[in-house]
Colleague: 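Questions regarding the structure given below will be posed in turn.
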Amino acid sequence: MILSSTQTIPEHSAVPRHLAIIMDGNGRWATRRLLPRTAGHMRGVQSVRRVVEGCGKAGVKYLTLFAFSSENWRRPSDEVSLLMRLFVQTLEKEVHKLEKQGVRLRVVGDLSRFEPKLQQLIKDAEEKTAHNDTLHLTIAANYGGRWDILNATRQLLLAQPELAQHPEKITEADFSEYLSMAFAPEPDLFIRTGGEQRISNFLIWQLAYTELYFTDVYWPDFGAKHLQTAFEWYQNRERRFGRTSAQL
Ligand code: FPP
């Protein structure tokens, strides 16, 4: 069972055990260069590679990337199709490498809206890498924090219908077991690139005590050096989890 930051004081170390990232700024990176927004997403895949490698080297155990939110369907249809094609191509091309690097890949979110081919590729990739344990890479796709919480509530009540008559018996631990990130500790560090300072319906339950780091760097420019700067910032944070400085 994964310990909750509101119920216990989690262990934490110099390097975040779990890093969650909102990869923002692809569109603006491209527009600045008079390129179509989709060119920014294509370059963004290279940053994903650099960050996966950097996290592996630094000893991060869980890396969770927000690739497509429940709200991103509202984008122009050619951009949505390009993103879907990029997911397919990246999965086809990279899974073998991930497998060799010891990376376990998972995709979380409501996958039912994706084409059957993409759903199958995801399933295959998850199975092929299921034995790995060096780095747990999770891609959040058609993911929304509110969807996750509602989904967990429904799953909990389906599994234990008697709880509907005794809601006072529901604990955080019972509930969080049904969240899509139940396999991972809560993120220690959250990074959002691209200058906005929002959570944007990402892991809203799990970010309760996460350190939040925002940078103006656009995602396609984000690399090992920026990751290192974020880790140094994290090392200087005083993680109190509700206690006073004197108690640490
Ligand atoms: C946000 O930038 C980025 C996205 C919605 C897509 C992220 C996708 C990738 C980095 C590529 C594919 C990833 C994988 C894991 C294969 P934005 O378009 O909102 O940028 P803007 O704010 O400048 O418009």
Side-chain angles (χ1 to χ4, degrees), residues 19-56 60 62-99 101 103-111 113-115 117-119 121-122 124-126 128-129 135-145 147 180-181 190-203 214-223 226-227:
L19 168 63
I21 306 184
I22 295 190
M23 310 179 285
D24 197 14
N26 293 349
R28 279 165 290 158
W29 179 92
T31 307
R32 279 216 171 163
R33 287 164 176 75
L34 305 178
L35 295 168
R37 291 173 51 81
T38 47
H41 298 313
M42 278 155 33
R43 278 295 281 254
V45 177
Q46 296 180 20
S47 304
V48 171
R49 273 192 215 107
R50 288 197 294 267
V51 166
V52 168
E53 221 179 278
C55 283
V60 171
Y62 296 87
L63 171 64
T64 304
L65 303 175
F66 205 5
F68 195 85
S69 75
S70 328
E71 291 76 41
N72 284 150
W73 296 105
R74 298 171 184 158
R75 294 189 170 208
S77 62
D78 60 335
E79 185 171 338
V80 172
S81 325
L82 179 280
L83 278 168
M84 294 302 145
R85 272 208 309 282
L86 260 188
F87 297 151
V88 169
Q89 283 168 7
T90 311
L91 279 175
E92 283 177 336
K93 236 173 85 187
E94 309 278 334
V95 168
H96 181 61
K97 243 191 276 169
L98 293 177
E99 202 208 334
Q101 289 170 349
V103 177
R104 176 166 185 177
L105 180 78
R106 292 181 181 88
V107 181
V108 296
D110 179 4
L111 304 186
R113 219 175 139 181
F114 292 139
E115 280 185 10
K117 177 178 177 187
L118 182 51
Q119 291 189 37
L121 273 170
I122 290 171
D124 293 347
E126 288 183 335
K128 265 193 204 135
T129 60
L135 173 67
H136 293 248
L137 169 64
T138 304
I139 307 294
N142 195 20
Y143 176 87
W147 164 83
S180 53
M181 294 295 299
F190 160 96
I191 297 177
R192 181 175 187 143
T193 61
E196 307 291 353
Q197 304 204 351
R198 289 193 282 271
I199 303 295
S200 297
N201 199 15
F202 195 23
L203 304 163
F214 300 95
T215 169
D216 289 339
V217 175
Y218 292 147
W219 178 249
D221 288 328
F222 194 85
H226 304 102
L227 190 64

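Indexing begins at 1, ligand by ligand and atom by atom, following the structure's order. Residue numbers start at 1 and run along the sequence shown.
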Colleague: With heavy-atom distances below 4.5 Å as the criterion, would you say the side chains of Trp219 and Val51 are in contact?
Modeller: yes
Colleague: What is the closest protein heavy atom to atom 11 (C) of ligand 1, and at what distance does it sit?
Modeller: His41 O, 3.7 Å
Colleague: Any donor and acceptor pair, going by atom type alone, linking the side chain of Arg106 with main-chain N or O of His136 inside 3.5 Å?
Modeller: no
Colleague: Pick one of side chain, backbone, both or neither for how Lys93 approaches ligand 1, counting any non-hydrogen atom pair under 4.0 Å.
Modeller: neither
Colleague: Given Phe222, Tyr218, Phe87, which one has a non-hydrogen atom that is nearest to atom 14 (C) of ligand 1?
Modeller: Phe87
Colleague: Is ligand 1 under 4.0 Å from a heavy atom in the side chain of Asn72, in the backbone, in both, or in neither?
Modeller: side chain
Colleague: Parallel, tilted or perpendicular: which fits the ring planes of Tyr143 and Phe66, with parallel below 30° and perpendicular above 60°?
Modeller: perpendicular
Colleague: Would Asn142 and Trp147 count as a side chain to side chain contact (heavy atoms under 4.5 Å, CB included) here? Give the steps.
Modeller: CA-CA 10 Å; Asn142 195 20; Trp147 164 83; over 6 Å; no
Colleague: Starting from atom 3 (C) of ligand 1, what is the nearest protein heavy atom, named by residue and atom, and what distance separates them?
Modeller: Met23 O, 3.1 Å
Colleague: Thr90 heavy atoms, cut-off 4.0 Å: which ligand 1 atoms fall inside?
Modeller: 16 (C)
Colleague: Side chain, backbone, both or neither: which applies to Ile139 and ligand 1 if a contact is any heavy-atom pair less than 4.0 Å apart?
Modeller: side chain
Colleague: Answer yes or no: does an N/O atom from Gly27 fall short of 3.5 Å to an N/O atom of ligand 1?
Modeller: yes
Colleague: How far is atom 9 (C) of ligand 1 from its nearest protein heavy atom, and which residue and atom is that?
Modeller: Asn26 ND2, 3.8 Å
Colleague: Would you indicate which of Ile21, Leu86, Asp24 comes nearest to atom 17 (P) of ligand 1 when only heavy atoms are counted?
Modeller: Asp24
Colleague: When you measure from the side chain of Arg43 to the backbone N and O of Ala39, does any donor-acceptor pair fall under 3.5 Å?
Modeller: no
Colleague: Just going by heavy-atom distances, which of Arg37, Arg192, Arg28 is nearest to atom 24 (O) of ligand 1?
Modeller: Arg37
Colleague: Looking only at N/O atoms, are Ala67 and ligand 1 under 3.5 Å apart anywhere?
Modeller: no
Colleague: For the side chain of Thr64 and the backbone of Thr138, is there at least one donor-acceptor N/O pair under 3.5 Å apart?
Modeller: no
Colleague: Identify which of Arg75, Glu94, Glu79 has a heavy atom lying nearest to atom 18 (O) of ligand 1.
Modeller: Arg75
Colleague: Does NZ or CZ of Arg33 come closer than 6.0 Å to the centre of the six-membered ring of Trp29, within 45° of the ring's axis?
Modeller: yes
Colleague: More than 12 heavy atoms of other residues, nucleotides or ligands under 6.0 Å from CZ of Arg75: is that the case?
Modeller: yes
Colleague: Report, in ascending order of atom number, the atoms of ligand 1 lying under 4.0 Å from any heavy atom of Trp219.
Modeller: 10 (C)
Colleague: Please identify which of these residues, Arg85, Arg74, Arg37, meets the salt bridge (charged side-chain N to carboxylate O under 4.0 Å, His left out) condition with Glu79.
Modeller: Arg37
